[in-house]
Amino acid sequence: MKSQPKAAGEAASKLISEKIAGLGGWRGDTLARMRALIRDADPDVVEEWKWMGTPVWSHDGGICTGESYKSIVKLTFFKGASLKDPRKLFNSSLDGNVRRAIDIHAGEEIDANAFKALIRAAVALNTSGGKKSTKRK
């Protein structure tokens with residue numbers, strides 16, 4: 001796979017849209033839905049494109065990545081272990097000290113309100129000083 005440059009803002013948003021369109025099918029639909037929920041939960045979210053074509057959402061630090069594999073769409077929260085998850089959305093990387101992930105398989109639906117609550121909690125953690133600010137001025 002050819003390495004792709006890092007991008008942020010509109011350039012990253014365009015690359016993420018192209019990736020979603022290229023995926024098509026349930027994986028494209030799922031990643032598009034999760035992206036819309038992230039943007040709805042945090043209108044100030046910054047979209048980034050890193051690590052050989054991985055969508056990343058940030059706000060004063062990383063919130064989560066959106067990866068697609070043959071059988072899952074994976075949303076990895078950078079500081080997921082520090083977030084309360086009362087609806088038990090995290091179902092992967094549960095043994096890690098820092099990260100937690102949500103693996104979504106074909107046909108699975110994620111509770112939109114619970115997911116948006118996780119996004120908001122991740123933003124609150126970042127803005128509370130949980131990590132150095134990456135906010136654009």
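Predicted, not measured: the structure shown is a model, and the values here were computed from it.
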Is there a donor-acceptor pair closer than 3.5 Å between any side-chain N or O of Asp103 and the backbone N or O of Lys74? no
Between Leu125 and Val123, is the side chain to side chain contact (heavy atoms under 4.5 Å, CB included) condition met? List the steps. CA-CA 5 Å; Leu125 181 60; Val123 170; over 6 Å; no
If hydrophobic clusters are built by linking Ile, Leu, Val, Met, Phe, Trp and Tyr wherever their side-chain heavy atoms come under 4.5 Å apart, do Ile72 and Leu31 end up in the same one? no
Check: Trp57/Glu48 side-chain N/O donor and acceptor closer than 3.5 Å: no
Is there a donor-acceptor contact under 3.5 Å linking the side chains of Asp44 and His59? no
side-chain hydrogen bond (donor to acceptor under 3.5 Å, both in side chains) filter on Ser17, not counting sequence neighbours, yields Arg35
side-chain contact (heavy atoms from CB on, under 4.5 Å) filter on Thr65, not counting sequence neighbours, yields Trp51, Thr54, Val56, Glu67, Thr76, Phe78
Going by the rule salt bridge (charged side-chain N to carboxylate O under 4.0 Å, His left out), which residues pair with Glu18 if we only count those two or more places apart in sequence or in a different chain? Lys14
Could you check if a side-chain atom of Pro55 sits within less than 4.5 angstrom of a side-chain atom of Leu15, using non-hydrogen atoms only? no
Decide yes or no on side chain to side chain contact (heavy atoms under 4.5 Å, CB included) for Met34 and Ile110, but give the supporting numbers first. CA-CA 9 Å; Met34 303 317 291; Ile110 296 296; 4.1 Å; yes
Qualifying residues under side-chain contact (heavy atoms from CB on, under 4.5 Å), relative to Asp85, sequence neighbours excluded: Leu89, Phe90, Leu118
Would Cys64 and Ile38 satisfy side chain to side chain contact (heavy atoms under 4.5 Å, CB included), going step by step from the backbone distance to the final call? CA-CA 9 Å; Cys64 67; Ile38 292 166; 3.8 Å; yes
Would a distance-only check, ignoring hydrogens and angles, find a side-chain to backbone donor-acceptor pair under 3.5 Å from Arg99 to Phe77? no
One should read off an interatomic distance between Asn126 CG and Ser82 OG, to the nearest 0.5 angstrom, of 10.0 Å
Provide the full list of side chain to side chain donor-acceptor pair (under 3.5 Å) pairs with a residue in residues 110-123, sequence neighbours left out, each pair given once. Asp40-Lys116, Arg87-Asp111
Any Ser93 side-chain heavy atom under 4.5 Å of Arg100 side chain: no
Hey, can you pull the donor-acceptor pairs under 3.5 Å for the side chains in residues 19-28, sequence neighbours left out?
{"unit_1": "Lys19", "atom_1": "NZ", "unit_2": "Gly53", "atom_2": "O", "d": "3.1"}
{"unit_1": "Arg27", "atom_1": "NH1", "unit_2": "Tyr69", "atom_2": "O", "d": "3.1"}

